[in-house]
Structure formats: structure tokens, C-alpha cells
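Naming: A, B, ... by sequence-line order, numbering from 1 per chain. These figures come from a predicted structure and were not determined experimentally.
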Protein chains: 2
Amino acid sequence: MVKFSKKLEYSLIALRHISISEDKITRVRDISEKYNIPHDLLAKIMQKLKKECILESVQGINGGYRLLKKLSEIPLFDLYSFVESSTSIVECMHDDASDCYVSDNCTIKDPLAKMQDEFENILKTKMVSDFV
Amino acid sequence: MVKFSKKLEYSLIALRHISISEDKITRVRDISEKYNIPHDLLAKIMQKLKKECILESVQGINGGYRLLKKLSEIPLFDLYSFVESSTSIVECMHDDASDCYVSDNCTIKDPLAKMQDEFENILKTKMVSDFV
DNA sequence: TAAAATACGACTGTATTAGTCCTGTTTTAT
DNA sequence: ATAAAACAGGACTAATACAGTCGTATTTTA
Ligand code: SF4
Ligand code: SF4
């Protein structure tokens, strides 16, 4: 199936929300309550985005998150690859070795590789700001 | 995650194989053995493709499958929608009602819908013959 | 009439995603 | 000081979807 994960959707929603509240520090709880997103899950996504230098965090009782980049400078592909466990449309294109037992006689690898490129290009072309 | 199902890959491999063997009737076993695809699983995929008028079947001891269409006349999208349970990249775009609890406040539906169109256009543009 | 093929529903196993829980650290207001 | 409220993060559980198996029936031919 070709389907985005909730994590990716939640990232988009959260980044959009933070970008709108401008300078102000935004709490995870503000976002999770407004959009009915599970707090703990969203929190971990934000932590991940911090590690990837998209957000910065402030701890403590008045803490929260703030944007480090403009949404127009974040390709959707980045978000996608940060958040998803794999970015390949088929098993054999993962970074680690393939263990597909068809592989040796597989006749469709090359065309699929091209399609993967097309898909990725869409993700690389679109910026997070396109979702605001 | 954005990933094709094995069913779709097996369909492509099988259709390619049948198209190469021209007129001859092809048994499921021929294909499953050659490409290490589980026989029973492939059999059900072929049954599905028969229902969708891509293949015709002959029962009995010399039975098997034969192509009804040219591969260049079968969009990948058709195969995709026959074989996958859902064709939408997010939950709320399924045919049946959405039960995403973000939905009411969701800010990203429209851009995602456009992206879905782009993805589908790739699938509609490519023909199964492009994988031969 | 036995063998070998398709037909098909029900079932099981497995992988991934989604969500929860628990404990820790940091900062601030009181 | 210290309690409250925020981030930090690992471990766990639950839900879902995919992949594969099994059993039985039907069809056809040698
Ligand atoms: S079937 Fe072919 S394309 Fe698919 S995972 Fe295996 S080797 Fe790759
Ligand atoms: S979060 Fe928004 S885009 Fe995603 S499924 Fe829910 S309503 Fe649709």
C-alpha cells in the first residue's frame, strides 16, 4: 500500500501550527489538544525534529518548541525520511542488503527504481510550506 | 510508509512472464517456481486478475492462464487498485467515511489531496509494458 | 478414475505502525 | 527549597495490514 504514516501527518500539522504562532514558544500540549493528536506520540516526533535541527526546544515550566528553519526551506522529503523507517517503495532498495527471495530472477527492479525516483522527486520538490 | 505490496510486484512479474510466452497457456506453477513466489498466493492474485478481465483461465489438467489484453493497454494504476486494499495515501481519503479524529481541525487535507493526484498520475501514465 | 490444474474462503503468522507508560531532567514560580 | 510543568527518551503494548498457508471443491484430460 502507498500510504503516509500518521507521524508524517502530525509533523506537518505541528510545523504549520508552530509557524503560525511566530516567535512564541509552543507547547506540545497546545498542539496535541487542538488537533486531537496523542500527546506522547507527538512529543516524540518533536524530539526527533529537534535532533534534525528543524526545531529547537526550551525545557522547564515555560518551555516548548520554536522553529529553526523556514517551512519553505524544508523539503517534504526531509520530513519523510526523518520520520519513516524506510524510504524505499520496495524491499530490495533498502540501504541494507536485500533478502527478497525473488531477487535473483526479478525482472522489474529497474523500472521500479525509476518510479522510486519519480516519487522522491515529488517529495523533494514540495516544501513543508506548501501544506500551510 | 510508501511501499508497494508484494501482490503488486508479483502481478507485474507474472504478467510479464505470461506475455513473453505468447499464445501458450501458462500454469501458476511455472511462474511460482521460476521466481520463487508462493504458489497459493500467486494463484489468488491470478484469480483476481481474471475477475478483472486481464487474464482468462482454462481449468483442468492442461489448464492455466492466458492474457486478454496487451500489457501496453493496462495502466499500472489498474493493477494497483485491483490488488491493493486502499488506494489513498491518507486515511480520510478512503471511499468510506473518515474516522480520523483529527479530521475536523485538519489543516493539510487539501495539499495532500493534490499530492495524491500526482501520485496517481504517475501510476496512470505508466503501463504494465513499461516493466518488461 | 486418478491426476493436475484452477477456484475460493478461512485461517495463521509476521511486520509495521500507532499509541501508552514510566522514569528522568530542566526550569520557574511560589 | 520545592512543587509544578515542561521536555527527553527508552520500553512496552495494542491495533492493523500484509504475506502466506490450508482445506476443500470443481473442472478437464490422459
Ligand atoms: S520482487 Fe524484485 S523488485 Fe520486489 S523486492 Fe524482490 S527483487 Fe525487489
Ligand atoms: S490527519 Fe488530516 S489528512 Fe490525515 S487522515 Fe486525518 S483528516 Fe486526513
Side-chain angles (χ1 to χ4, degrees), chain A residues 1-11 13-14 18 24-33 35-52 55-66 80 82-91 94 96 99-102, chain B residues 1-11 13-14 18 24-33 35-52 55-66 80 83-91 94 99-102:
Chain A
M1 198 196 305
V2 175
K3 194 175 168 187
F4 286 146
S5 67
K6 287 290 179 191
K7 280 189 195 173
L8 182 59
E9 295 186 62
Y10 295 161
S11 312
I13 292 172
I18 297 176
K24 271 179 40 187
I25 278 185
T26 309
R27 298 179 309 152
V28 173
R29 187 157 308 282
D30 294 335
I31 301 173
S32 75
E33 282 178 357
Y35 303 100
N36 292 306
I37 298 171
H39 176 277
D40 289 3
L41 181 55
L42 183 58
K44 284 207 291 198
I45 293 168
M46 310 278 271
Q47 285 161 29
K48 179 77 179 164
L49 295 180
K50 180 200 164 189
K51 272 189 195 145
E52 302 291 350
L55 297 174
E56 68 177 346
S57 70
V58 177
Q59 282 200 332
I61 191 170
N62 286 332
Y65 287 92
R66 194 188 290 122
Y80 176 72
F82 292 158
V83 143
E84 311 262 345
S85 59
S86 158
T87 58
S88 67
I89 59 172
V90 285
E91 184 181 348
H94 291 182
D96 50 357
D99 49 1
C100 170
Y101 42 74
V102 177
Chain B
M1 199 196 305
V2 175
K3 194 174 168 188
F4 287 147
S5 66
K6 287 291 180 190
K7 281 187 195 174
L8 182 59
E9 296 186 62
Y10 294 163
S11 312
I13 292 172
I18 296 177
K24 269 178 41 187
I25 277 185
T26 309
R27 298 180 308 153
V28 174
R29 187 157 309 280
D30 293 334
I31 301 173
S32 76
E33 283 178 356
Y35 303 99
N36 292 307
I37 298 170
H39 176 277
D40 290 3
L41 180 55
L42 182 58
K44 284 209 291 199
I45 294 169
M46 309 280 271
Q47 284 159 30
K48 179 77 179 163
L49 295 181
K50 180 201 163 189
K51 271 188 195 145
E52 303 291 350
L55 297 175
E56 67 178 344
S57 70
V58 177
Q59 281 200 333
I61 191 171
N62 286 332
Y65 287 92
R66 194 188 288 123
Y80 177 72
V83 143
E84 310 262 344
S85 60
S86 157
T87 59
S88 67
I89 59 172
V90 285
E91 184 181 347
H94 291 184
D99 49 2
C100 169
Y101 41 75
V102 176

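Residue A:Gln47 places its side chain closer to D:dG9 than to any other of C:dT20, D:dG9, C:dT17. Here D:dG9 is the nucleotide among D:dG9, C:dT17, C:dA7 with the atom lying nearest to any side-chain atom of A:Lys51. Side-chain atoms of A:Ser85 lie closest to C:dT17 of the nucleotides C:dA4, C:dT17, C:dA7.
Whole-Å rounding puts the B:Asp40 CG to C:dG13 P distance at 16 Å. Note: OH (A:Tyr35) to C1' (C:dA18) measures 21 Å, nearest angstrom. Atom-to-atom, CG of A:Leu42 to C1' of C:dG19 comes out at 12 Å; the value is rounded to the nearest Å. Counting to the nearest Å, the P atom of C:dA18 and the CG atom of A:Asn36 are 17 Å from each other. Taking atom NZ on A:Lys44 and atom P on D:dC12, their separation rounds to 12 Å, with Å as the unit. Here D:dA5 presents its P atom at 18 Å from CD1 of A:Ile25, a figure rounded to the nearest Å. Remark: C1' of C:dT17 and OH of A:Tyr80 are 13 Å apart, rounded to the nearest angstrom. Distance CG (B:Leu41) to P (C:dC8): 16 Å, rounded to an integer number of Å.
A close approach under 4.0 Å does occur between a side-chain nitrogen or oxygen of B:Lys50 and OP1 or OP2 of C:dA7. Checking the phosphate oxygens (OP1, OP2) of D:dA8, a side-chain nitrogen or oxygen of A:Ser57 falls inside 4.0 Å. Residue A:Tyr101 places no side-chain N or O under 4.0 Å from the OP1 or OP2 atom of D:dA19. Neither OP1 nor OP2 of D:dC18 sits under 4.0 Å from any side-chain N or O of B:Tyr10.
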Please set out all donor-acceptor pairs under 3.5 angstrom arising from side-chain atoms of residues 37-49 of chain A, sequence neighbours excluded.
none

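Comparing A:Phe4 and A:Ile61 against DNA chain C, the residue whose closest nucleotide sits nearer the 5' end is A:Phe4. Both A:Pro38 and B:Ala43 lie close to DNA chain C; mapped to their nearest nucleotides by heavy-atom distance, the more 5′-ward contact belongs to B:Ala43.
For A:Ser88, the side chain to side chain donor-acceptor pair (under 3.5 Å) partners two or more places apart in sequence, or in a different chain, are A:Ser86, A:His94.
Looking at B:Gln59, its side chain comes within 3.5 Å of the base of C:dT6 through a donor and an acceptor atom. For C:dT17, the base has no donor-acceptor partner in the side chain of A:Lys3 [N/O atoms by modelled type, under 3.5 angstrom].
To the nearest 0.5 Å, the span separating CG on A:Asn36 from OH on B:Tyr101 amounts to 8.5 Å.
Between B:Ile18 and B:Ile31 the shortest side-chain heavy-atom distance falls below 4.5 Å.
Annotation: A:Lys7, atom NZ; neighbour count of heavy atoms from other residues, nucleotides and ligands within 6.0 Å does not exceed 12.
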